[in-house]
Q: 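I'd like to ask some things about the structure below.
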Amino acid sequence: MRSRGKLFALVTSIVLSGAVVVSAFGTPVNAAPKRLHQKWQTGGVKPGRFGMLDCNGLSPIQRPIKVSAVCSDPKGYEGSRFYENGHYIGHDEPIVRFTSNRPGSGNHTVWRERLPLDPHRRPTVHSPGNDVTHYFELTIAPWFSMGLCNSRSYPLNPCTPNSDSNAPSATSLGGGSSFLEMQFYPPGYGPFPDNISCDNTHWCASLHINDLECDAEGNCNFNCIEPTNFAFIQTDGEPTGPPSPQLSNLDSVTPNAHTLLMNPGDRIVAKIFNADIGGGKHALETRIDDLTTGKSGYMIASAKNGFMATNIGDCSGVPFNYQPEYKTASQDNVIPWAALQTNISTQFEIGHFIPCSKVTDPALIDLGGGVLDTTWQTCKGPYEEAGEHSSLPEEPTDAFCFPEGFRHHGLAPPNLVTGCTNILSGGDTNFDGTSYWPNWPNHLEAHRYPQPFLQRQPKTADNRPYQHFQFQTDAPASEATCTPTGDGCAVPAPGAPGDFYPYWTLASVHHKCVWEFGQMTNGKTFGKAAQYGEPALDWFFGNLEGPIRPLPNC
């Protein structure tokens with residue numbers, strides 16, 4: 001069995017220190033920190049002891065308030081893998097990207113979808129690829145994306161909201177960019193501060209923004225490398241706690257009575273747009289209308305609501321109104337630091353769950369405010385055994401892990417299955433978890449596997465469709481076999497024990513043209529896993545891209 005060491009020092013006893021100024025490779029830069037700090041922005045709201053200065057929970061100056069956060073995946077300097085304080089940082093995010101040259105396509109998007117139902121039976125852990133599976137085992141967070149304008153995020157260039165002048169080009173890295181993910185969280189595996197779900201019976205959602213604190217030369221402040229603004233979608237529009245990286249606390253990541261809770265099977269409309277907040281000012285709004293229950297919720301990424309941009313020099317916060325970066329969703333309008341070459345997209349964050357027969361090696365997690373939870377570090381069971389017999393290297397830890405029925409000392413309903421989220425390893429990098437077996441939806445009704453999401457084609461503000469689409473995934477960035485030449489970069493991951501990778505299907509369901517994700521065969525499958533195409537060596541060797549195609553009919 002692998003050696004666990006003292007990995008939990010990262011989350012239970014983080015050492016507070018001075019500024020950490022390194023390159024994106026994790027090696028010191030040549031310039032002295034003082035000279036860089038004079039150049040960089042400083043002087044705002046000082047960070048608290050707990051917060052979200054780093055989405056990955058690795059800040060040396062602050063403990064993470066959410067230890068199981070879902071982050072945007074950055075490219076490393078000059079397109080390499082991204083390392084932070086000695087740790088590989090990566091995810092697996094298969095997307096459908098939508099592009100259009102029409103005005104308004106980059107700053108106002110409307111999504112219509114049906115949330116899926118899970119099987120009536122509880123999850124099982126007997127036979128990988130044949131187990132009863134629930135959605136929280138497949139994806140930690142489906143999300144919709146949009147590029148946002150922020151001159152305090154990479155590459156620290158000025159940015160004009162709602163303007164295509166911000167696009168990177170052969171002569172410019174583009175305007176400062178942030179990455180919006182409107183995230184959805186499946187039921188069944190709480191509590192949210194250190195796990196996946198809001199509760200055992202509802203979906204919930206958030207407005208989630210990542211910045212990247214690096215300059216154009218690849219110099220980064222790893223005290224606050226990927227700061228996160230986070231707030232749930234609320235029926236009253238009020239954050240549950242401070243949303244900023246500097247001031248967020250346990251309330252910020254704990255649902256309350258006004259958090260919008262949605263039932264599996266509900267039909268919803270999700271909107272992302274630039275809202276008029278009065279006084280001639282605007283800020284990004286994410287809104288959900290639940291057509292089944294009649295309930296609605298929203299969140300506005302405004303300074304009034306406590307959202308802050310981060311100063312790279314000292315990690316301090318500046319009250320900030322986030323706004324869309326681009327006017328259109330044209331092909332060149334992308335977030336320049338992200339592994340995925342995208343702006344408007346729909347995605348499933350996968351590779352963050354492995355079911356277990358039992359878990360061992362308990363440890364305590366400090367969630368802030370004197371609240372402690374117990375987690376476990378080691379998974380044992382058939383999925384883990386399959387991974388140990390594959391050719392891919394094992395992760396150094398499976399944490400965070402929890403047993404079936406665990407109530408987290410009264411913080412959550414009992415967990416529905418024993419399992420681990422592989423958060424501290426940067427994801428399931430030996431590809432033995434549920435996401436990489438054929439446990440995905442294969443039927444419009446839930447039987448052994450859940451129903452699929454049914455996502456209609458997105459529309460712009462004037463109810464017009466996007467013109468083109470493209471499949472992408474950054475899974476190869478997590479593959480030990482993937483090299484900068486593109487060799488060994490593929491899905492399924494070479495050597496993965498399940499030899500499966502989920503794919504997108506475009507189908508006609510109930511006379512509506514919808515996108516499905518999993519292993520559905522009721523429409524156009526675009527070659528299944530082959531839809532993700534070839535390594536995008538001109539962008540990031542760990543990214544696969546299919547061709548940009550005209551949006552088809554079903």
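Everything numeric here is computed off the predicted structure, so don't read it as measured data.
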Q: Under 30°, 30 to 60°, or over 60°: which ring-plane class applies to F184 and F144, parallel, tilted or perpendicular?
A: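 Plane angle over 60°, so perpendicular.
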Q: Please determine which of F402, F136, F400 meets the side-chain contact (heavy atoms from CB on, under 4.5 Å) test together with T421.
A: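 Output: one option passes, namely F400.
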Q: Can you confirm whether V417 sits close enough to F353 that some side-chain heavy atom of one is under 4.5 Å from a side-chain heavy atom of the other?
A: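 In short, these two side chains touch, coming nearer than 4.5 Å.
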Q: Might you point out which heavy atoms bring C489 and L544 nearest each other, and give the distance in Å?
A: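 Looks like O-CD2, 3.8 Å.
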Q: Would you say the side-chain atoms of N415 pair up with the backbone N or O of G190, donor to acceptor, closer than 3.5 Å?
A: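 Side chain of N415 to backbone of G190: a pair is present.
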Q: Closest approach of D373 and H408, non-hydrogen atoms and distance?
A: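 Scanning both residues, the minimum pair turns out to be OD2-ND1, 2.7 Å.
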Q: Among N522, T525, T505, find the residue that satisfies the side chain to side chain donor-acceptor pair (under 3.5 Å) test when tested with E516.
A: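 Option passing the side chain to side chain donor-acceptor pair (under 3.5 Å) with E516: N522.
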Q: Could you walk me through whether Q519 and W440 pass the side-chain hydrogen bond (donor to acceptor under 3.5 Å, both in side chains) check?
A: CA-CA 6 Å; Q519 53 182 343; W440 287 87; over 6 Å; no
Q: Is there a side chain to side chain contact (heavy atoms under 4.5 Å, CB included) between Y532 and F471? Walk through the geometry before answering.
A: CA-CA 5 Å; Y532 298 104; F471 299 114; 4.1 Å; yes
Q: Consider only side-chain N and O atoms of T240 and D251, and report whether a donor and an acceptor are under 3.5 Å apart.
A: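 No, no side-chain donor-acceptor pair sits under 3.5 Å.
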Q: For the residue pair F406 and T374, what are the closest heavy atoms and their distance?
A: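 Minimum heavy-atom contact is CE2-O, 3.4 Å.
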Q: Please tell me if the side chains of M182 and M146 come closer than 4.5 Å, counting only heavy atoms from C-beta onward.
A: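 A side-chain contact under 4.5 Å is absent here.
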Q: To the nearest 0.5 Å, how far apart are CD in E137 and CD1 in I350?
A: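 CD1 of I350 is found 14.0 Å from CD of E137.
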Q: If I take atom CE from residue M262 and atom SG from residue C198, how far apart are they, to the nearest 0.5 angstrom?
A: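 Separation between the atoms: 8.5 Å.
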Q: Any side-chain donor-acceptor pair under 3.5 Å between S145 and S345?
A: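 Judged by distance alone, the side chains do pair up.
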Q: Got a donor-acceptor contact below 3.5 angstrom from the N256 side chain to the H258 backbone?
A: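 The answer is yes, because a donor-acceptor pair under 3.5 Å joins these two groups.
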Q: Taking the side chain from N200 and the backbone from P414, do they hold a donor-acceptor pair closer than 3.5 Å?
A: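 Flag set: sc N200 to bb P414 pair under 3.5 Å.
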Q: Check the pair T292, L115 against side chain to side chain contact (heavy atoms under 4.5 Å, CB included), reporting the backbone distance first and the verdict last.
A: CA-CA 11 Å; T292 302; L115 300 175; over 6 Å; no
Q: Once you measure the plane-to-plane angle for Y436 and Y501, does it fall in the parallel (<30°), tilted (30-60°) or perpendicular (>60°) bin?
A: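 Rings of Y436 and Y501: parallel, as their planes differ by under 30°.
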Q: Taking atom types as modelled, find out whether N543 and Q341 have a side-chain donor-acceptor pair closer than 3.5 angstrom.
A: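 Per modelled atom types, N543 and Q341 side chains form no pair under 3.5 Å.
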Q: Between the main-chain N or O of V70 and the side-chain N or O of H208, is there a donor-acceptor pair closer than 3.5 Å?
A: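 It does hold such a pair.
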Q: Out of curiosity, N422 CG to E395 CD, how far, rounded to the nearest 0.5 Å?
A: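 It comes to 4.5 Å.
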Q: At their closest point, which heavy atom of T139 faces which heavy atom of P186, and how far apart are they?
A: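 Minimum heavy-atom contact is O-CG, 3.6 Å.
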Q: Strictly distance-based, threshold 3.5 Å: is any side-chain N or O of D474 a donor or acceptor partner for the main-chain N or O of A477?
A: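 Answer holds: no.
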Q: Scan side-chain atoms only and decide if Q234 and T259 contain a donor-acceptor pair under the 3.5 Å cut-off.
A: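 Note: Q234 and T259 side chains meet the donor-acceptor criterion.
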Q: Mind checking the CZ-CZ spacing from R267 to R456? Nearest 0.5 Å is all I need.
A: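 Separation between the atoms: 9.5 Å.
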Q: Using a distance-only test with no angle check, is there a side-chain donor-acceptor pair under 3.5 angstrom linking Y185 and S206?
A: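 Checked: Y185/S206 side chains pair up, N/O donor to acceptor below 3.5 Å.
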Q: At what distance, to the nearest 0.5 angstrom, does SG of C204 lie from CD of Q183?
A: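 Reported to 0.5 Å precision, the distance equals 10.0 Å.
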Q: Would you name the heavy atoms of P502 and S435 that are closest together and state the gap between them?
A: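 Reported closest heavy-atom pair: CD-O, 3.6 Å.
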Q: Given side chains that start at C-beta, do those of W539 and K75 come closer than 4.5 Å, heavy atoms only?
A: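 A side-chain contact exists here, since the closest heavy-atom pair is under 4.5 Å.
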Q: Using modelled atom types and a 3.5 Å cut-off, is there a donor and acceptor pairing between side-chain atoms of K66 and backbone atoms of N195?
A: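 At least one qualifying donor-acceptor pair exists.
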Q: Find out whether E84 and E226 are in side-chain contact, i.e. whether some heavy atom of one side chain is under 4.5 Å from a heavy atom of the other.
A: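 No - every pair of side-chain heavy atoms lies 4.5 Å or more apart.
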Q: V125 and side-chain contact (heavy atoms from CB on, under 4.5 Å): which single residue from C356, C379, P382 fits?
A: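 Exactly one candidate clears the test, P382.
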Q: Look at the side chain of H134 and the backbone N and O of R121, then say whether any donor-acceptor pair between them is shorter than 3.5 Å.
A: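 Looks like yes, one N/O pair under 3.5 Å.
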Q: In sequence, state the C-alpha distance, the side-chain angles, and the governing distance for L138 and Y449, and then conclude on side chain to side chain contact (heavy atoms under 4.5 Å, CB included).
A: CA-CA 10 Å; L138 297 172; Y449 313 126; over 6 Å; no
Q: Return the minimal non-hydrogen interatomic distance between D131 and T133, and the atom names on each side.
A: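 Taking every non-hydrogen atom into account, O-OG1, 3.0 Å.
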Q: Report yes or no: do D361 and T378 form a side-chain donor-acceptor pair below 3.5 Å?
A: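 Present: a donor and an acceptor within the cut-off.
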Q: Do Q457 and F469 come close enough that some side-chain heavy atom pair is under 4.5 Å?
A: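 Result no, sub-4.5 Å side-chain heavy-atom pair not found.
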Q: Say whether, by atom type as modelled, one donor and one acceptor occur between the side chain of N85 and the main chain of L58 under 3.5 angstrom.
A: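 Checking the backbone N and O of L58 against the side chain of N85, a donor-acceptor pair under 3.5 Å is found.
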Q: Report the distance from atom CZ of R49 to atom CD1 of I65, rounding to the nearest 0.5 Å.
A: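 Reported to 0.5 Å precision, the distance equals 10.0 Å.
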Q: Ring centres of F348 and W504 under 6.0 Å apart?
A: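 Ring centres of W504 and F348 closer than 6.0 Å.
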Q: Let me know which of P193, P239, P242 forms a side-chain contact (heavy atoms from CB on, under 4.5 Å) with S252.
A: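 In the set P193, P239, P242, the residue that makes a side-chain contact (heavy atoms from CB on, under 4.5 Å) with S252 is P242.
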Q: Could you check if a side-chain atom of I344 sits within less than 4.5 angstrom of a side-chain atom of P458, using non-hydrogen atoms only?
A: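 No - every pair of side-chain heavy atoms lies 4.5 Å or more apart.
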Q: Tell me which one of T473, V491, T521 satisfies side-chain contact (heavy atoms from CB on, under 4.5 Å) with Y503.
A: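 The passing option is T521.
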Q: Could you tell me whether a side-chain N or O of T293 sits under 3.5 Å from a main-chain N or O of K295, the two making a donor and an acceptor?
A: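 Present.
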Q: Report yes or no: do S178 and D211 form a side-chain donor-acceptor pair below 3.5 Å?
A: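 Indeed, the side chains of S178 and D211 share at least one donor-acceptor pair under 3.5 Å.
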Q: Can you check whether L53's main-chain N or O pairs, donor with acceptor, with Q62's side chain at less than 3.5 Å?
A: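 Yes; judged by distance alone, with no hydrogens or angles, the pair exists.
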Q: List the steps, then state whether ring pair (Phe, Tyr, Trp, His ring centres under 6.0 Å) holds for F453 with Y135.
A: CA-CA 10 Å; F453 274 83; Y135 236 99; 5.4 Å; yes
Q: Side chains of W337 and S72, heavy atoms from C-beta outward: is any pair under 4.5 Å?
A: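 SC-SC contact between W337 and S72 confirmed.
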Q: Start with the C-alpha gap between Q451 and E445, add the side-chain angles, then the distance that decides, and say whether side chain to side chain contact (heavy atoms under 4.5 Å, CB included) holds.
A: CA-CA 5 Å; Q451 289 179 320; E445 301 303 324; 3.4 Å; yes
Q: Could you tell me whether the side chain of T342 reaches within less than 4.5 Å of the side chain of F179, counting heavy atoms only?
A: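 Yes, side chains in contact.
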Q: Does the side chain of S68 come under 3.5 Å of the side chain of D194 through a donor N or O and an acceptor N or O?
A: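 Side chains of S68 and D194: no pair found under 3.5 Å.
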